[in-house]
There are 2 protein chains.
Amino acid sequence: MQDSQTSETTQKAIEETIVSGILSARIRPGTRLSENQLATLFGVSRTRVREAMMRLETRGIVHVSPRRGWFVVEPSAEEAIAVYEARRVIEAGLLRSMRVLTGAGREALDAHLNEEKSAMTAGDRQRLTYLMGDFHIRIAELSGNAIIVDILRDLTARTILISMLYQSEFHAAQSHDGHCRIFQAMQASDFGRAAELAVEHLDEVEMGLDLTARPDPLSELRSSLSLPPRSVSSTIGPKKP
Amino acid sequence: MQDSQTSETTQKAIEETIVSGILSARIRPGTRLSENQLATLFGVSRTRVREAMMRLETRGIVHVSPRRGWFVVEPSAEEAIAVYEARRVIEAGLLRSMRVLTGAGREALDAHLNEEKSAMTAGDRQRLTYLMGDFHIRIAELSGNAIIVDILRDLTARTILISMLYQSEFHAAQSHDGHCRIFQAMQASDFGRAAELAVEHLDEVEMGLDLTARPDPLSELRSSLSLPPRSVSSTIGPKKP
DNA sequence: GCTTTCTGTCTTGTATGCAAGATAGCCAGA
DNA sequence: TCTGGCTATCTTGCATACAAGACAGAAAGC
């Protein structure tokens with residue numbers, strides 16, 4: 001990254017720092033993001049930090065609790081399900097829409113799968129988390145469609161937050177196998193099959209979650225008092241904490 | 001809409017006012033959105049207006065030209081193609097993932113198609129534009145997935161902007177027919193067919209565009225000077241006007 | 001010991017002020 | 001008439017000041 005431009009770059013830098021921190025599992029869900037601290041850290045005023053937070057909120061990455069602070073989102077079980085559902089829809093649709101796997105695309109995915117493998121043997125879990133998410137972004141990049149890439153990057157970030165909350169064990173080998181199978185189908189130009197495999201793969205990962213586990217520990221009490229469930233908030237809709 | 005809450009609501013109100021203005025084709029691409037004017041209009045300071053603009057920029061609805069102003073986006077031909085491609089991917093994926101059409105869903109779509117018909121006979125073009133886009137959002141709503149609804153709403157807004165730039169004639173009857181066919185396939189629980197029809201429908205609408213027409217009137221000059229083409233910017237990436 | 005209240009501190013919410021770039025229009029000069 | 005430059009004005013960019021809610025911890029009352 002270049003540091004020459006001061007203006008315009010900083011807000012995006014804050015955004016990307018946080019997103020990439022999540023993508024590589026260095027930032028946990030629920031992490032507090034203090035406007036003042038970030039401002040000091042990046043050497044800017046709160047104004048710019050707030051702008052970055054607003055953008056990240058729109059992207060479903062952080063949320064604000066009024067006058068309490070900004071926090072990295074902790075997706076509820078319902079939200080987690082919605083994220084996986086959205087990914088299945090989009091990734092399956094994407095693969096099914098593909099017609100060819102170019103040579104460059106084949107090489108990119110092949111190189112990526114090799115990286116996954118070496119990270120597995122090295123036991124580098126943080127890097128592995130990053131790579132496991134990045135595989136799906138790489139596939140999106142093959143389409144050359146920046147819109148879809150952006151959407152899937154944000155959904156992947158949310159997925160990683162979900163994993164940190166609900167995933168007890170990390171079945172890296174299983175995920176890697178899933179990726180390899182998808183790649184094989186793509187190499188065979190059987191994109192319908194690749195789409196099916198992607199859905200299965202995401203199902204597998206979702207099934208590996210314990211969605212009764214962490215957040216909303218009040219759910220039992222809540223239901224026994226027959227209060228409304230935690231809102232499956234839209235990325236836009238008003239939050240009521 | 002309620003007006004009781006002042007805080008928290010206003011920024012969202014600005015956002016939604018603009019988005020719904022676009023969805024109903026009352027706001028044209030390239031419209032200037034002055035921070036000061038909006039601030040006066042909504043009775044708030046520029047700060048809040050700026051926050052709303054930042055969010056809308058993230059959503060791909062507006063963009064800022066540094067120290068010149070905020071403008072409703074004018075998608076380039078490349079961006080237009082990307083938007084349609086993204087919609088095909090997501091809407092086809094969505095329909096294919098459906099398993100049942102509930103009674104309530106059937107009624108909602110049926111009512112919607114009747115509205116389309118009456119707007120056609122009434123010749124209410126603005127309302128028709130809104131309804132034609134809204135059909136696709138209604139389908140997304142059937143999934144109950146707020147993430148997908150939000151994504152498709154923003155893509156629909158962009159689609160309408162694209163129409164206003166590149167669509168010479170408005171083939172409302174053709175679009176309405178397309179919607180009816182999709183609905184029929186859904187009623188027959190043939191969601192694979194519905195997905196195919198949705199792709200065809202979007203193709204038809206895209207083909208009806210004259211993508212050599214409006215923006216970037218300098219494209220000839222640009223290419224004859226062998227300057228780089230207008231960037232197919234991501235929704236996030238830096239804009240270079 | 002337990003509860004309640006109060007107060008100091010920390011957080012974000014919002015407005016405002018100033019800086020600096022962009023633009024349009026005028027004016028002068030050739 | 002056309003060109004070049006100047007200036008007045010308008011725009012956003014960014015920092016800062018202050019308001020106001022949330023919270024923790026101390027103090028007071030029982």
Side-chain angles (χ1 to χ4, degrees), chain A residues 3-18 27 30-59 61-74 218 233 236-241, chain B residues 3-18 27 29-74 218 233 236-241:
Chain A
D3 232 23
S4 51
Q5 302 178 11
T6 335
S7 67
E8 172 87 22
T9 309
T10 319
Q11 300 95 324
K12 305 292 169 65
I14 300 172
E15 261 186 279
E16 288 319 306
T17 301
I18 290 168
I27 300 179
T31 302
R32 183 199 197 111
L33 299 171
S34 156
E35 290 183 3
N36 270 321
Q37 287 179 18
L38 287 173
T40 306
L41 223 53
F42 283 88
V44 296
S45 79
R46 278 178 52 217
T47 308
R48 293 218 245 172
V49 174
R50 270 182 79 78
E51 289 177 357
M53 291 298 119
M54 297 281 167
R55 288 189 158 99
L56 286 174
E57 189 181 36
T58 305
R59 295 168 64 182
I61 308 286
V62 307
H63 79 113
V64 64
S65 181
R67 311 218 184 242
R68 288 191 356 100
W70 294 91
F71 301 88
V72 175
V73 294
E74 298 179 273
L218 303 177
S233 66
I236 305 295
K239 307 271 165 60
K240 313 209 172 131
Chain B
D3 230 24
S4 51
Q5 301 179 9
T6 333
S7 68
E8 171 90 18
T9 309
T10 319
Q11 300 94 323
K12 305 294 171 63
I14 299 173
E15 263 186 277
E16 289 318 306
T17 301
I18 290 168
I27 299 179
T31 301
R32 178 191 203 119
L33 299 170
S34 156
E35 290 183 4
N36 270 321
Q37 287 179 17
L38 287 173
T40 306
L41 223 54
F42 284 88
V44 297
S45 80
R46 279 178 51 219
T47 309
R48 296 219 243 170
V49 175
R50 272 182 78 77
E51 288 177 357
M53 291 297 120
M54 298 279 168
R55 288 188 156 99
L56 287 173
E57 190 182 35
T58 306
R59 295 169 64 182
I61 308 286
V62 307
H63 79 112
V64 63
S65 181
R67 311 219 185 241
R68 286 191 357 98
W70 294 91
F71 300 89
V72 175
V73 294
E74 298 180 272
L218 302 177
S233 66
I236 305 296
K239 307 274 166 62
K240 313 210 172 128

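In what follows, every heavy atom counts, from backbone to side chain, and hydrogens, waters and symmetry copies are set aside. The sequence lines fix the lettering, A, B, ..., with proteins before strands; numbering per chain opens at 1.
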- Query: Does the pair A:V64 and A:M53 meet the rule for a side chain to side chain contact (heavy atoms under 4.5 Å, CB included), with working shown?
  - Reply: CA-CA 9 Å; A:V64 64; A:M53 291 298 119; over 6 Å; no
- Would B:M54 and B:E51 count as a side chain to side chain contact (heavy atoms under 4.5 Å, CB included) if you check the C-alpha gap in whole Å, the side-chain angles of each, and the deciding distance to 0.1 Å? CA-CA 5 Å; B:M54 298 279 168; B:E51 288 177 357; 5.5 Å; no
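To the nearest angstrom, P of C:dG13 lies 20 Å from CZ of B:F42. Between A:M53 atom CE and C:dT11 atom P the separation is 14 Å, expressed in whole Å. Taking atom CD of residue A:E35 and atom C1' of nucleotide D:dG21, one finds them 14 Å apart after rounding to whole Å. Spacing between atom NZ of A:K12 and atom P of D:dC14 amounts to 11 Å, rounded to whole angstrom units. Rounded to an integer number of Å, the gap from CG of B:L56 to P of D:dT12 is 14 Å. When rounded to the nearest whole Å, the span between CZ of A:R46 and P of D:dC18 equals 14 Å.
Put simply, A:S45 has a side-chain N or O that comes within less than 4.0 Å of OP1 or OP2 on D:dA15.
Distance from the side chain of B:V64 is smallest for D:dT12 among the nucleotides C:dA15, D:dT12, C:dG13. Minimum atom distance to the side chain of A:R48 is reached by D:dC14, of the listed C:dT16, D:dG13, D:dC14. For A:R50, the side-chain atoms get nearest to C:dG13 when compared with the rest of C:dG13, C:dG17, D:dA15. Closest to the side chain of A:W70, from the set C:dT12, C:dA15, D:dA15, is C:dT12. Listed nucleotides: C:dT16, D:dT16, C:dT12. Nearest to the side chain of A:N36: C:dT12.
Nearest approach of A:A39 to A:R46, heavy atoms of both residues: CB-N, 3.9 Å. The shortest non-hydrogen separation linking A:V62 to A:V73 is C-CG1, 3.6 Å. Of all heavy-atom pairs spanning A:S65 and A:F71, the tightest one is CB-CE1, 4.1 Å. The shortest non-hydrogen separation linking A:I27 to A:I18 is CD1-O, 3.7 Å.
A salt bridge does not link A:E16 with A:R55: none of the charged nitrogens is closer than 4.0 Å to a carboxylate oxygen.
Exactly one of B:H63, B:R32, B:E57 qualifies for a side chain to side chain contact (heavy atoms under 4.5 Å, CB included) with B:W70. That residue is B:E57.
With the nearest nucleotide of DNA chain D identified for both B:R32 and A:E51, B:R32 has the one nearer the 5' end.
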Sort me out a list of protein N/O and nucleotides 19-24 of chain C N/O pairs below 3.5 Å, or just none if empty.
{"from": "C:dA20", "atom 1": "N3", "to": "B:R67", "atom 2": "NH1", "distance (Å)": "3.4"}
{"from": "C:dG21", "atom 1": "O4'", "to": "B:R67", "atom 2": "NE", "distance (Å)": "3.4"}
{"from": "C:dT23", "atom 1": "OP1", "to": "B:R68", "atom 2": "NE", "distance (Å)": "3.2"}
{"from": "C:dT23", "atom 1": "OP1", "to": "B:R68", "atom 2": "NH1", "distance (Å)": "2.9"}

Could you list all N or O pairs between the protein and nucleotides 7-9 of chain C that sit under 3.5 Å apart?
none

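Although no hydrogens or angles enter the test, the distance criterion places a donor-acceptor pair under 3.5 Å between the side chain of B:S34 and the main chain of B:Q37.
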